[in-house]
Peer 1: 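Below is one structure. I have some questions about it.
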2 protein chains.
Amino acid sequence: MQSFIDISRGLRNPADLEALLQSITKEMGFDHFALMQHVDLTPFEKELGHMVTGQLIGLSDYPENWINQYIDDNIVAYDPVLLASQRTNVGFAWSQLDQLIDLKRPHFEQLERGRQAGIGDGFTVPSNVPGEANGSCNFVVKAGRELPAKELMMAQLVGSYAFEAGRSIITHAKTNIVEKTQLSPRQIECIALVGRGKTDWEISRILGIAESTVKDYINDAKARYNVVKRVQMVIRAIYDGHLPLSELLR
Amino acid sequence: MQSFIDISRGLRNPADLEALLQSITKEMGFDHFALMQHVDLTPFEKELGHMVTGQLIGLSDYPENWINQYIDDNIVAYDPVLLASQRTNVGFAWSQLDQLIDLKRPHFEQLERGRQAGIGDGFTVPSNVPGEANGSCNFVVKAGRELPAKELMMAQLVGSYAFEAGRSIITHAKTNIVEKTQLSPRQIECIALVGRGKTDWEISRILGIAESTVKDYINDAKARYNVVKRVQMVIRAIYDGHLPLSELLR
DNA sequence: GTCAACCCCCCCTTTTGGGGGGATTGTTGA
DNA sequence: TCAACAATCCCCCCAAAAGGGGGGGTTGAC
């Protein structure tokens, strides 16, 4: 395991990472792997098959027809596995999907289509870095086979470090450190209240200040984020970690 | 390790998780741990010291005066460790902080203040779940001691699963599974565009339909979510998993 | 003495929220 | 097979809220 981490850290080439992942996937008793970011692919080039420097992470040894179907049908938009991977930070077996999300008919149909393409059960390690596309490293067995229960912990580690290796291959080529936008405490309070659907007047009553002041804070925050609408401002504040989504639902 | 995971999964009580973490922290050769979400606390209650059901994750056996200082000075807003933990998805030693973020003077000062309070080097496992506050599980040694290099992989696993255990204690305590509101595909498109800051008129041009129709979809979606403002609608749609946060930032 | 955070007021346009009224499809289940 | 229903569209009106300018001021930290 330690040697996998050390090797993966030194990689500078997607193909090397792919080969490394392929061998460790077999070693752990899985049949296929897929390391990917969950981006609705339609607006982009159809590049899931390999990694493009400075762009998206996407490596996999899934059967080719499944990869093509995945791209053509834009399955990334509703794959239950990927939805579930946005609900946790540790790996999960696909057989436990229903504990993470509410499985509806299209989800079952999707899993069934996978089985017909040879994709059976799987273990998915989520990889979510704020400000980047959500991603996951998926290890799967052929339909009919069982997951190698004893290797799941290993898969958890491999998945995390593999994804990080992918990120680092990309970001080494790119160097884009985005500074977290600074907001004043008062501004964060206003944004939180905006997120809860309050009007400026209501916020002014809650904070005990003038409506015009509330407008000032919000306008300044929008300017800092370089956006024009308060919806965008709230989204950005969530992404930045200034607000937890759960605070806004109360 | 496997037994830690199994036990942590069964926990329903913050105190039990705290005890479990405390013992495994020592076992791995660390001196302290801190499991927390990185929420700017000033606008909210000051509750870092323990876990509040349905609210934030926060457990730690740091020296008490350090916890207090942490809260009082709202260190969470600029702690370099927490900033760095939002730049990766795998654990990192604090001595490698400079590979993740640009360390400025206030950051060095913060690390120095930590050392004076007995907090030396550390290993931090990030835990970022989209839509929730960013979090981390931190394992630290007293100033002057070395990190237990051989246990870092273990710490990576323990950190991930411990955080997940914390999340599940909270979410299990919350009113359980909320039915995901059904939205039509066209509505989701509109909501996504609203989230990107488009006006109704712009959305109508993008989708090639009348502005009034866009209004209809949005009004209907707000009604389904039982909210009045479009900000709330977008937030709810994100929480539901109808939209990934990353889609809205493009 | 500069700067950021905090606070307040004005004006005007555009966008939104919240009603009302229609129509056409395709699916679904009694 | 036919009624019910959900999804897709379109139009009207009006009041409230947000967006985008401008102009002030105090305080405390560096």
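These numbers come from the heavy atoms of this one structure, side chains and all, not from hydrogens, waters or symmetry mates. Chain letters run A, B, ... following the sequence lines, proteins first and then strands; every chain starts at 1.
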Peer 1: Starting from C1' on D:dA17, measure out to CG on A:Leu193 and report it in whole angstrom.
Peer 2: 16 Å
Peer 1: Show the nearest heavy-atom pair for residues B:Ala221 and B:Met233, with the distance to one decimal.
Peer 2: CB-SD, 3.6 Å
Peer 1: Between the side chains of A:Glu202 and A:Arg205, is the shortest nitrogen-to-carboxylate-oxygen separation below 4.0 Å, so that they form an ion pair?
Peer 2: no
Peer 1: Based on the rotation axes of five pairs at each end, what angle does the helix from C:dG1-D:dC30 to C:dA30-D:dT1 bend through, to 10°?
Peer 2: 60°
Peer 1: Does A:Asp216 make a side-chain donor-acceptor contact with the base of C:dC6, cut-off 3.5 Å?
Peer 2: no
Peer 1: Give me the atom names and distance for the closest heavy-atom approach of B:Ser95 to B:Asp98.
Peer 2: O-OD1, 4.0 Å
Peer 1: Check the distance between C:dA5's P and A:Ile209's CD1 and give it to me in whole angstrom.
Peer 2: 15 Å
Peer 1: Quick check on D:dT8: is either OP1 or OP2 less than 4.0 Å from any side-chain nitrogen or oxygen of B:Ser184?
Peer 2: yes
Peer 1: Whole-Å distance between C:dC8 C1' and A:Arg186 CZ?
Peer 2: 14 Å
Peer 1: Do the ring planes of B:Tyr62 and B:His32 sit parallel (below 30°), tilted (30 to 60°) or perpendicular (above 60°)?
Peer 2: perpendicular
Peer 1: Does a salt bridge link A:Arg186 with A:Asp220, judged by any charged N lying under 4.0 Å from a carboxylate O?
Peer 2: no
Peer 1: Could you go through nucleotides 14-17 of chain C and list every protein N or O atom that sits under 3.5 Å from one of its N or O atoms, giving the distance for each pair?
Peer 2:
from   : atom 1 : to       : atom 2 : distance (Å)
C:dT15 : O3'    : A:Lys229 : NZ     : 3.3
C:dT16 : OP1    : B:Arg230 : NH1    : 3.2
C:dT16 : OP2    : B:Asp200 : N      : 3.2
C:dT16 : O3'    : B:Arg230 : NE     : 2.6
C:dT16 : O3'    : B:Arg230 : NH2    : 2.8
C:dG17 : OP2    : B:Lys222 : NZ     : 3.0
C:dG17 : OP2    : B:Arg230 : N      : 3.1
C:dG17 : OP2    : B:Arg230 : NE     : 3.2
C:dG17 : O5'    : B:Lys222 : NZ     : 3.3

Peer 1: Taking atom P of C:dA5 as reference, at what distance in whole Å does atom CD1 of A:Ile188 sit?
Peer 2: 11 Å
Peer 1: When the distance from CG of B:Leu183 to C1' of D:dT8 is rounded to whole Å, what number comes out?
Peer 2: 15 Å
Peer 1: CG of A:Asp220 versus P of C:dC8: gap in Å, rounded?
Peer 2: 16 Å
Peer 1: Report yes if the side chains of A:Leu35 and A:Cys137 come closer than 4.5 Å at any heavy-atom pair, otherwise no.
Peer 2: yes
Peer 1: How about B:Leu97 and B:Leu111: do any of their side-chain heavy atoms sit closer than 4.5 Å?
Peer 2: yes
Peer 1: Counting only side-chain nitrogens and oxygens, does B:Tyr217 get under 4.0 Å of the OP1 or OP2 atom of D:dC9?
Peer 2: yes
Peer 1: Hey, which of these two, A:Ala210 or A:Arg224, hits DNA chain C nearer its 5' end, going by closest nucleotide?
Peer 2: A:Arg224
Peer 1: Under 4.0 Å between a side-chain N/O of A:Thr213 and OP1 or OP2 of C:dC6, yes or no?
Peer 2: no
Peer 1: Establish, from distance only, whether the side-chain atoms of B:Gln110 and B:Arg113 form a donor-acceptor pair under 3.5 Å.
Peer 2: yes
Peer 1: Calculate, to the nearest 0.5 Å, the distance between atoms CG and CD belonging to B:Leu59 and B:Glu18 respectively.
Peer 2: 5.0 Å
